[in-house]
Amino acid sequence: MIVMGIESSCDETGVGIVSWDGEAATLLADEVASSQAEHARYGGVVPEVASRAHLEAMVPTMTRAREAAGIDRPDAIAVTIGPGLAGALLVGVAAAKAYALAWDVPLYAVNHLGGHVAVDTLEHGPMPSAVALLVSGGHTHLLGIDELAKPIDELGTTIDDAAGEAFDKVARLLDMGYPGGPAIDVAARDGDPHAIAFPRGLTGPRDAAYDFSFSGLKTAVARYVEGEVRAGRAVSVPDVAASFQEAVADVLTAKAMRAVAERGVDTLVLGGGATANSRIRSLAQERADAAGVQLRVPAPRLCTDNGVMVATLGAHVIGGGAPPSPLTVATDPGMSVQISKL
């Protein structure tokens, strides 16, 4: 079976194609058109700009994916129904419905967040019971995974800023441009991660074990920079970047490893665009190795939003025996992570 996935939840227009043999998916095509450069001057994603970019990119991206896979049409289409930006989701879902109707193939409306977990199977094989840490500009979640075709157990999430959002805001504070994650990662290489004692949010004994908060950390960085400027001292951007990055990576990986231990599993999966950060990956690996836990991390390209992750989740949903979604299915911008498909 050939499954096509369409992703348009934020600023990437993704069309991915996989083959499914009943047990595993194999990558056939992965085409992405990003509107990131159009958002850079605003310092963040502008929903209307993203929606218009999806409209312009959808057909060319679809054409490239079909040519790369060498197919005329798939056997099924999976599409991100949520969570995400309302207008952006509408473009992808409308396209998926149109193609499904024109080609007379079934449509499967799936969860964006589940796709970030499912895509790991393309590189590392079947997914065992695991804990997944998803980190991006819009999401920070700890998830309990039993089967990809079944509801996901949300263990914890952010109560304010997502980790990727905090990276963007701190980068803006330091005049490093957008997106902030890669810029901070590069600057941190020349800094001391222990130079500044930034706080670790929600890590007290009475705090929620698996929830996250990065708003206080962002404020602490701003206050530190303001204090240095007032005192007439030069701000060491590398030290600020390294210390901030260390604080984020420390909290993310510590809570993830706690979840792994308390759930009695031996696998941790990382997903989402912010997990391309070198320190998050390296600290997760250090802590996983120390605990005898297997760490599974997709290639950086597969961590960011793409159609392949949607196609892969769709394949697993189909393999699990789920019925197709109706062509009347609506988008769900606030979709719960515990819903695999609609």
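Nothing here was measured: the structure is a model prediction, and the numbers come from that model.
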Can you get from L134 to L202 by hopping between Ile, Leu, Val, Met, Phe, Trp and Tyr side chains that sit under 4.5 Å apart?
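No, no single cluster joins them.
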Distance check, rounded to the nearest 0.5 Å: D250 atom CG versus F198 atom CZ?
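Taking CG in D250 and CZ in F198, the distance rounds to 14.0 Å.
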What is the distance from atom CD1 of I184 to atom CZ of R189, rounded to the nearest 0.5 Å?
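Nearest 0.5 Å value for the CD1-CZ distance: 13.0 Å.
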Considering the options Q285, R279, E286, which one meets the side chain to side chain donor-acceptor pair (under 3.5 Å) requirement together with S282?
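It is R279, the one option of Q285, R279, E286 that forms the side chain to side chain donor-acceptor pair (under 3.5 Å) with S282.
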Does the pair L133 and L252 meet the rule for a side chain to side chain contact (heavy atoms under 4.5 Å, CB included), with working shown?
CA-CA 8 Å; L133 173 64; L252 290 173; 4.0 Å; yes
Kindly give the heavy-atom pair with the smallest separation between [X] and [Y], and that separation in Å.
X    : Y    : result
D185 : A276 : OD2-O, 4.2 Å
E31  : A68  : OE2-CB, 4.1 Å
I81  : A330 : CG1-O, 3.1 Å
A284 : L270 : CB-CD1, 4.0 Å
R64  : A33  : NH2-CB, 4.3 Å
S51  : G87  : OG-C, 3.2 Å

Between Y178 and Y42, is the ring centroid distance below 6.0 Å?
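Between Y178 and Y42, the centre distance exceeds or equals 6.0 Å.
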[X]-[Y] side chain donor-acceptor pair, cut-off 3.5 Å:
X    : Y    : result
E7   : S9   : yes
H54  : T13  : yes
Q245 : N277 : yes

Name the orientation class of the two ring planes belonging to H116 and H112 (parallel below 30°, tilted from 30 to 60°, perpendicular beyond 60°).
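Rings of H116 and H112: perpendicular, as their planes differ by over 60°.
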Can you tell whether the side chains of E56 and R52 come within less than 4.0 Å, N to carboxylate O?
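A salt bridge is absent here (no side-chain N lies under 4.0 Å from a carboxylate O).
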Student check: side-chain heavy atoms of Y108 and V79 closer than 4.5 Å:
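Sidechains of V79 and Y108: no contact.
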Any chance you could lay out the salt bridge (Lys or Arg N to Asp or Glu O under 4.0 Å) test for K218 and D160, step after step, and finish with the verdict?
CA-CA 11 Å; K218 176 194 65 181; D160 44 54; over 6 Å; no
